[in-house]
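Single-structure report; data block below.
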Amino acid sequence: MKDSDVIVLEEPKLSLGDQFYLPQVLIGLGTTMKHMLNVVVRGKDRVIQYPEERREDLPVEKGGMLLKTYRGVHRLNKDEEGRVKCVACFMCSTACPAHCIHIEAAESPWADREKYPAKFDIDELRCIYCGMCEEACPVDAIELTHLYDIVGLTRQEMVFDKAKLLNIFDETVKKEPM
Amino acid sequence: MLDRIINWWTTNIPPWVLIALIVHGTIMLTVAYLILLERKVASWVQDRIGPNRVGLGFGIIPVLKDWKMNGFGQPLADGVKFILKEDYRPAGADKVLFTIAPGLMVLVIIISIAVLPWGGIRQTQRTLHLPPGGMTLHDSAVAQLAQGDEMVGEPVSLGNDNYQVTYRYPFQIASLNIGVLYILAVLSLSVYGVVIGGWASNNKYSFLGALRATTNMISYEIPLGLAVLCIVVMYGSLDLGSLVEKQCHNWIGIIPAWNVFCQPLAFTMFLICIHAEANRAPFDTAEAEQELVGGYHTEYSAMRFALFFLGEYAGMITTSAVCVALFFGGWDFPGLRGHADHPAVTSNLIICILRAVVFFTKTVAIIFVFMWVRWSLPRFRFDQLMMLAWRALIPISLALLMMTAIVVVCFKGDSYDFVGGSMALTLLGANIFVGALIAIISTLIPPAPLTNRRLTVVGSRYSKTPLPLAS
């Protein structure tokens, strides 16, 4: 770096009103009062009252949910014949930053593919819902759905196995096609 | 039966006991609800709604759980949380001091509630038994009344040595004639709770926070006292009840004679100082969450933290109440005044209660201003805080006190009556004059030296590079 590259800035000079601080304080108080009156009198708050109003019911412009891109809980897709699409290539498991996908491959009973997952566990509590697995999959087998309110009473309950993930597919494929 | 109980109560128990119980209960309940108000106000400023679901039913009590309270059960939930949390003490903390620090702060602030002027003076009658003895009738009646009560007229005989006595008592817990001094003195003691809490926590950050809080509170007590003095000098009395009474008239028929209209600069300084005393934003470096975790109350959990919290809010209530009493006419409201000569005196209990309600409402309004300011202003840096107190507020308050004293001497000389319209205008002019003086002088003061001066170190790679030539 040369000396001629250095730009020397001076602090902006405070106006008299700024120096006294109180006039600017009053302007600031006015801004906050405007926000308070907007919320209390005109009801312009940004709050979604959760159990009564849900985010997916709102239009996208008003803070709703874009179903195609929302990253909720995972599902394993099935093809037209009802077979699981996953070929147990381990790409999602490798891509996962939280190491929450555990796959056991087995020889596939169908002719057109070599492997299929015998076990496919995702620990939904470790998952960070980043979508890397969805991006990594070469056969579009794993997808993140729009479901976000999955709860459980134990940690073991929230480790979803293959059957559960395929079940989620059956539940959500109508609202959110592949 | 009820008659007998009421009779026994009014003859044997002085009125301040009931007032004390009601006021104490109300203040404690208000402190709990202030936590909710703070959260609501914070939410409104941030374009959201605060807690609006908590009711009283804990979700399971059959009748209560369906009563929609829109968030007003939140203080109960907070209280239960504070009681049931794990209460630990860090290793190495001083056993005794750690325990008593929050209690010390709360104790001191609750004591200071005693002198607030809630309802003026009430005139009422009572039946006394005055057997003939050595003293005159008048003196023996006065001996039976409480100290501080004033007898009106002479005892009226009811036969059988029973006399009906008309007397006046102040409708507050204690009517000290040094009321303002008492409150200032007692509120200064709340610093002890903070500094002992920070020291006893055995934690660097707590200690730093406590140190900052101490210097903060001590520095701002001087301009606080001086701003209060500006009002006291006008009326010649430290008694809060009489300070309120002297504001109960109108100038030009419609403007109430409140001190905020004739001394706005003193009011502004008082407001700034009570913000600093309560360690509230923008003066809250002592508990700045970004810097000091929690400051002096980092290591406290559960009930002890609740006591610190309560102490802070109760301090806010007390200082707001003093602000209202000094500057906004206390319980004054058109229609609630008594006679023009003694506006505080009334014989109607309902009027006294209404006055207390008005006083309380005004206090809550000032507390709302506390919260409004918290969410509007950035925090002061610690040296800016100190400079504001010592280099700005103390000279201003001294100048204001001098001007007030000059005006008072010119207008009143020796008597302390109601403040007339011309005196009020002169005081307003004096305030504006001091404000203009500050404006002029502040432009003449040379700027503070740079805090990071560049040292020229000859021959080192950190030597000053010459500035680029303007081209």
Side-chain angles (χ1 to χ4, degrees), chain A residues 1-65 148-149 151-153, chain B residues 37 40-53 68 70-71 264-265 267-269 271-272 275 281-282 368-378 380 384 387-388 392-393 396 435-436 438-445 447 450-452 454 463-471:
Chain A
M1 269 190 72
K2 299 196 285 284
D3 276 342
S4 51
D5 290 335
V6 176
I7 306 173
V8 177
L9 289 178
E10 292 215 349
E11 279 183 19
K13 278 217 139 343
L14 293 176
S15 70
L16 199 60
D18 290 340
Q19 276 184 330
F20 273 116
Y21 199 65
L22 277 182
Q24 290 294 331
V25 166
L26 293 174
I27 294 178
L29 287 177
T31 308
T32 34
M33 182 48 99
K34 199 173 61 164
H35 278 269
M36 275 203 266
L37 290 176
N38 268 343
V39 173
V40 176
V41 172
R42 296 165 68 187
K44 280 194 176 173
D45 51 88
R46 305 299 192 96
V47 177
I48 303 177
Q49 300 281 359
Y50 173 62
E52 289 92 26
E53 309 165 23
R54 294 180 68 113
R55 199 177 149 195
E56 51 263 36
D57 297 333
L58 290 174
V60 175
E61 298 81 32
K62 289 208 192 319
M65 193 190 273
Y148 57 86
D149 49 356
V151 291
L153 287 172
Chain B
L37 182 68
K40 293 288 255 185
V41 168
S43 318
W44 291 335
V45 170
Q46 297 167 3
D47 276 346
R48 55 188 175 93
I49 322 176
N52 64 341
R53 285 184 187 270
K68 295 249 176 285
N70 274 338
L265 195 59
F267 167 64
T268 312
M269 278 190 348
L271 203 63
I272 296 174
H275 280 259
F368 173 75
V369 170
F370 263 91
M371 293 175 180
W372 185 17
V373 164
R374 176 180 183 172
W375 296 101
S376 309
L377 293 180
F380 280 121
Q384 288 172 340
M387 279 204 291
L388 184 69
L393 287 184
I396 298 176
I438 303 166
I440 298 173
I441 293 185
S442 62
T443 52
L444 299 174
I445 296 177
L450 297 172
T451 40
N452 286 324
R454 286 211 173 169
S463 57
K464 229 160 55 153
T465 50
L467 291 174
L469 296 168
S471 57

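A, B, ... follow the sequence lines: proteins, then strands. Residue 1 opens every chain.
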Practice task
Check whether any side-chain N or O of W372(B) sits under 3.5 Å from a backbone N or O of L29(A) as a donor-acceptor pair, and report yes or no.
Solution key: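 Pair found, side chain donor or acceptor close to backbone of L29(A).
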Interface moiety of [X] toward chain A, non-hydrogen atoms closer than 4.5 Å:
{"X": "V373(B)", "value": "both"}
{"X": "I49(B)", "value": "both"}
{"X": "S43(B)", "value": "neither"}
{"X": "A439(B)", "value": "both"}
{"X": "W375(B)", "value": "backbone"}

For [X], which atoms come within 4.5 Å of any heavy atom of chain B: side chain, backbone, both, or neither?
{"X": "V40(A)", "value": "side chain"}
{"X": "L22(A)", "value": "side chain"}
{"X": "Q49(A)", "value": "both"}

State, yes or no, whether a side-chain contact exists between [X] and [Y] at a heavy-atom distance under 4.5 Å.
{"X": "I396(B)", "Y": "M269(B)", "value": "yes"}
{"X": "K68(B)", "Y": "R53(B)", "value": "no"}
{"X": "L37(A)", "Y": "R42(A)", "value": "no"}

Handout entry: Carboxylate-amine/guanidinium contact E53(A) K62(A), below 4.0 Å
Key = no
Problem - Ring geometry between F380(B) and Y21(A) (parallel below 30°, tilted from 30 to 60°, perpendicular above 60°) - result: tilted
